[in-house]
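Quick one: the structure is below, questions incoming.
Treat the numbers as computed from the prediction; the structure is a model and nothing was measured. Chain letters run A, B, ... following the sequence lines, proteins first, then strands; residues in each count from 1.
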Protein chains: 2
Amino acid sequence: MKSAIPKVTVQRLPVYLRCLESLPSGQRRVSSDDLATLAGVNAAKVRKDLSHLGSYGVRGVGYDVDKLKLQIGLELGLEQDWAVVIVGIGNLGRALANYAGFEERSFRIVGLFDADDQKVGQSLDGLTIEPMSRLPEVVAEQGARIGIVTTPAHAAQQVADLLADAGIRSILNFAPTVIKAPKGVDVRRVDLSTELQVLSFYLHRKG
Amino acid sequence: MKSAIPKVTVQRLPVYLRCLESLPSGQRRVSSDDLATLAGVNAAKVRKDLSHLGSYGVRGVGYDVDKLKLQIGLELGLEQDWAVVIVGIGNLGRALANYAGFEERSFRIVGLFDADDQKVGQSLDGLTIEPMSRLPEVVAEQGARIGIVTTPAHAAQQVADLLADAGIRSILNFAPTVIKAPKGVDVRRVDLSTELQVLSFYLHRKG
DNA sequence: ACATGTGAAGCGCTTCACAGCG
DNA sequence: CGCTGTGAAGCGCTTCACATGT
């Protein structure tokens with residue numbers, strides 16, 4: 001019940017958190033069975049996952065909704081604000097600047113960057129698009145730790161290197177390519193084409 | 001070396017394919033080691049993954065790049081065109097309509113839908129945004145099998161149900177909620193907040 | 001009585017290490 | 001010799017089943 005939380009559990013905690021937030025505000029308790037149904041997983045998995053956070057359930061009763069929300073938030077580090085920069089302000093970058101900005105309290109977008117001089121200076125979501133040369137300065141000033149890459153594939157690796165050099169510790173890569181980052185910099189990839197191709201595989205197979 | 005390809009392998013095949021496509025056009029062969037480096041995985045994994053497609057490598061030499069691209073494409077069902085509809089034309093829906101449209105040959109966007117009457121009739125990426133009532137008709141006419149959900153969370157389940165009823169067999173869900181679909185309908189979730197929260201967890205932990 | 005927490009078994013993926021083959 | 005293909009071992013996650021606690 002201590003330190004090492006399995007990776008797969010970490011990936012499910014945000015889902016549980018969202019399910020808890022979707023409960024009617026009057027509901028004080030929730031069982032592993034109910035939460036499992038909401039999250040689309042099996043109840044034993046919910047209990048095992050939550051047991052990694054410590055024992056916050058009551059046998060014979062269930063989990064206290066508010067305590068559990070708080071505990072998951074703490075575990076995920078959501079009590080603090082994370083400053084985020086976005087590099088590559090095309091269609092997707094624009095969408096994320098708006099989307100991510102209001103959706104999540106813990107993530108604050110503090111900088112938008114693009115290599116295209118025509119875009120620099122434009123305003124978006126209350127921020128001005130800045131040139132790549134300003135990246136190190138803004139990251140340092142704002143204490144940004146997270147960078148979102150929404151550039152074309154051919155630029156992504158270079159941008160990732162610049163982000164790492166500037167002090168970014170985690171990268172969310174939407175560019176359709178694999179990027180390498182130095183040790184200590186975490187990269188997660190979100191790839192539309194990959195997802196479509198996986199769907200294609202199963203469609204192709206099953207009918 | 002036959003039928004059952006592990007899920008994890010299916011998810012990596014698109015990555016291998018992209019790595020192969022990024023090779024200089026003169027390069028005819030590639031080793032599992034090289035491909036592994038490009039894809040950011042271990043060479044044994046590449047060989048095991050590719051062995052599920054059959055034996056397309058030559059011992060002592062490597063894999064024929066063109067043959068391998070063809071074979072992966074066939075396995076993923078990319079030789080055929082998949083008709084795709086997008087429901088929910090907000091910022092993200094708009095971005096995907098443009099992005100996905102030109103990026104992938106195998107996926108053709110054939111319909112854009114939104115519940116907002118103000119958006120209906122607008123033009124985007126050569127298509128006109130249509131009302132939800134037209135969904136069944138368009139899906140049937142165009143033979144669409146894949147649906148992309150980019151609605152707000154509260155509308156996603158209802159939209160998924162409508163898609164399933166209309167004959168959609170695979171759903172890519174960008175809405176920040178878990179959706180349930182009937183048997184035979186495959187759902188994949190892409191969730192920005194989840195990804196950010198996972199990054200937050202590791203940042204929080206490691207420093 | 002009832003739902004959690006958890007050993008233990010089961011399962012699938014990863015990795016190793018080397019046989020097999022050009 | 002070099003690199004693939006693969007049995008086998010290793011590892012981590014899932015699921016079961018029930019002891020535990022209220």
Side-chain angles (χ1 to χ4, degrees), chain A residues 1-16 19-20 23 27-69 71-72 75 178 194 198 201-202, chain B residues 1-16 19-20 23 27-69 71-72 75 178 194 198 201-202:
Chain A
M1 92 277 295
K2 260 320 309 306
S3 254
I5 299 189
K7 286 177 198 174
V8 285
T9 296
V10 172
Q11 295 188 61
R12 281 189 296 264
L13 289 178
V15 178
Y16 298 146
C19 293
L20 292 171
L23 291 173
Q27 187 171 340
R28 308 182 62 152
R29 298 185 205 291
V30 68
S31 68
S32 59
D33 257 316
D34 296 343
L35 194 48
T37 302
L38 290 170
V41 301
N42 148 319
K45 196 179 280 181
V46 170
R47 293 199 296 277
K48 189 74 107 183
D49 283 341
L50 296 183
S51 77
H52 292 297
L53 310 185
S55 294
Y56 292 92
V58 179
R59 290 171 202 241
V61 177
Y63 298 89
D64 180 292
V65 174
D66 286 335
K67 264 193 203 160
L68 196 52
K69 282 200 264 190
Q71 194 55 33
I72 294 177
E75 199 63 54
V178 175
T194 294
V198 171
F201 174 88
Y202 291 109
Chain B
M1 94 272 299
K2 260 323 309 305
S3 254
I5 299 189
K7 286 177 198 173
V8 284
T9 295
V10 172
Q11 295 187 59
R12 281 190 296 264
L13 289 178
V15 178
Y16 298 145
C19 293
L20 291 171
L23 291 172
Q27 187 172 341
R28 308 181 64 151
R29 299 185 204 292
V30 68
S31 68
S32 59
D33 257 317
D34 296 344
L35 193 48
T37 302
L38 289 170
V41 301
N42 149 320
K45 195 179 281 181
V46 170
R47 292 199 296 276
K48 189 74 105 184
D49 282 340
L50 297 183
S51 77
H52 293 298
L53 311 185
S55 292
Y56 292 94
V58 180
R59 291 168 202 244
V61 176
Y63 299 88
D64 180 292
V65 174
D66 287 335
K67 264 193 205 160
L68 196 52
K69 282 200 264 190
Q71 195 54 33
I72 294 176
E75 199 65 52
V178 176
T194 294
V198 172
F201 174 87
Y202 291 110

Given atom CG of Leu35(B) and atom P of dG5(D), what is their separation to the nearest angstrom?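 To the nearest whole Å, that distance equals 12 Å.
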In whole angstroms, how far is the P atom of dC16(C) from the CG atom of Asp33(B)?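 Rounded to whole Å, this separation is 12 Å.
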Could you tell me if the side chain of Lys7(A) sits less than 4.5 Å from the side chain of Tyr202(B), heavy atoms only?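 Yes, at least one pair of side-chain atoms sits under 4.5 Å.
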Among dT14(D), dT6(C), dC13(C), which nucleotide has an atom closest to any side-chain atom of Ser51(A)?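 The closest nucleotide is dT6(C).
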Remember a base hit wins even if backbone is also touched, and classify Lys48(A) as base, sugar-phosphate or nothing at under 4.0 Å, heavy atoms.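 Since a base atom lies under 4.0 Å of Lys48(A), the category is base.
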Please tell me which of the listed nucleotides, dC16(D), dT15(C), dT4(D), lies nearest to the side chain of Ser32(B)?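 Within the option list, the nearest is dT4(D).
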Measuring to OP1 and OP2 of dA3(C), would you say a side-chain N or O of Ser31(A) lies under 4.0 angstrom away?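 No.
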Find out whether Tyr63(B) and Leu35(B) are in side-chain contact, i.e. whether some heavy atom of one side chain is under 4.5 Å from a heavy atom of the other.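 Side chain of Tyr63(B) against side chain of Leu35(B), heavy atoms only: no contact under 4.5 Å found.
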Can you tell me how far P of dT15(C) sits from CG of Leu50(B), to the nearest Å?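 Atom-to-atom, Leu50(B) to dT15(C), this comes out as 15 Å.
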OP1 or OP2 of dT14(D) less than 4.0 angstrom from a side-chain nitrogen or oxygen of Arg12(A), does that happen here?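 Answer yes for this pair, as a side-chain N or O of Arg12(A) is under 4.0 Å from OP1 or OP2.
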Tell me the interatomic distance from Arg59(A), atom CZ, to dA3(C), atom P, rounded to whole angstroms.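 Answer to the nearest Å: 14 Å.
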With DNA chain C as reference, determine whether Val61(B) or Arg47(B) sits nearer its 5' end, using the nearest nucleotide of each.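 The answer here is Arg47(B).
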Euclidean distance, Tyr16(B) OH relative to Lys45(B) NZ, rounded to 0.5 Å: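 OH of Tyr16(B) is found 7.0 Å from NZ of Lys45(B).
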Length of the line joining Asp34(B):CG and dC3(D):C1', which is rounded to integer Å: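 Asp34(B) atom CG is separated from dC3(D) atom C1' by 11 Å.
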Tell me which nucleotide among dT4(D), dC13(D), dG21(D) gets nearest to the side chain of Tyr63(B).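 Side chain of Tyr63(B) sits closest to dT4(D).
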Toward the 5' end of DNA chain D, which comes first, Asn42(A) or Tyr56(B), by nearest nucleotide?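 Result: Tyr56(B).
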Answer whether the closest heavy-atom distance between the side chains of Leu23(A) and Leu38(A) falls below 4.5 Å.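 Yes, close enough: below the 4.5 Å cut-off.
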Rounded to whole angstroms, how far apart are CG on Asp49(A) and C1' on dT4(C)?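 Rounding to the nearest Å, CG of Asp49(A) and C1' of dT4(C) are 14 Å apart.
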Take atom CD of Gln71(B) and atom C1' of dG5(D), then tell me their distance rounded to the nearest Å.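 It is 16 Å, rounded to the nearest whole Å.
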Indicate whether OP1 or OP2 belonging to dC13(C) is found under 4.0 Å from a side-chain N or O atom of Lys45(B).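 For Lys45(B), the contact criterion (side-chain N or O under 4.0 Å from OP1 or OP2 of dC13(C)) is not met.
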Answer with base, sugar-phosphate or nothing: what part of the nucleic acid does Arg29(A) contact at a heavy-atom distance below 4.0 Å?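 If one applies the 4.0 Å heavy-atom cut-off, Arg29(A) turns out to touch nothing in the nucleic acid.
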Give the rounded distance in Å between these two atoms: CD1 of Ile5(A) and P of dC13(D).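 Those two atoms, CD1 and P, are 12 Å apart.
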Are any non-hydrogen side-chain atoms of Val15(B) and Val41(B) less than 4.5 angstrom apart?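 No, their side chains stay 4.5 Å or more apart.
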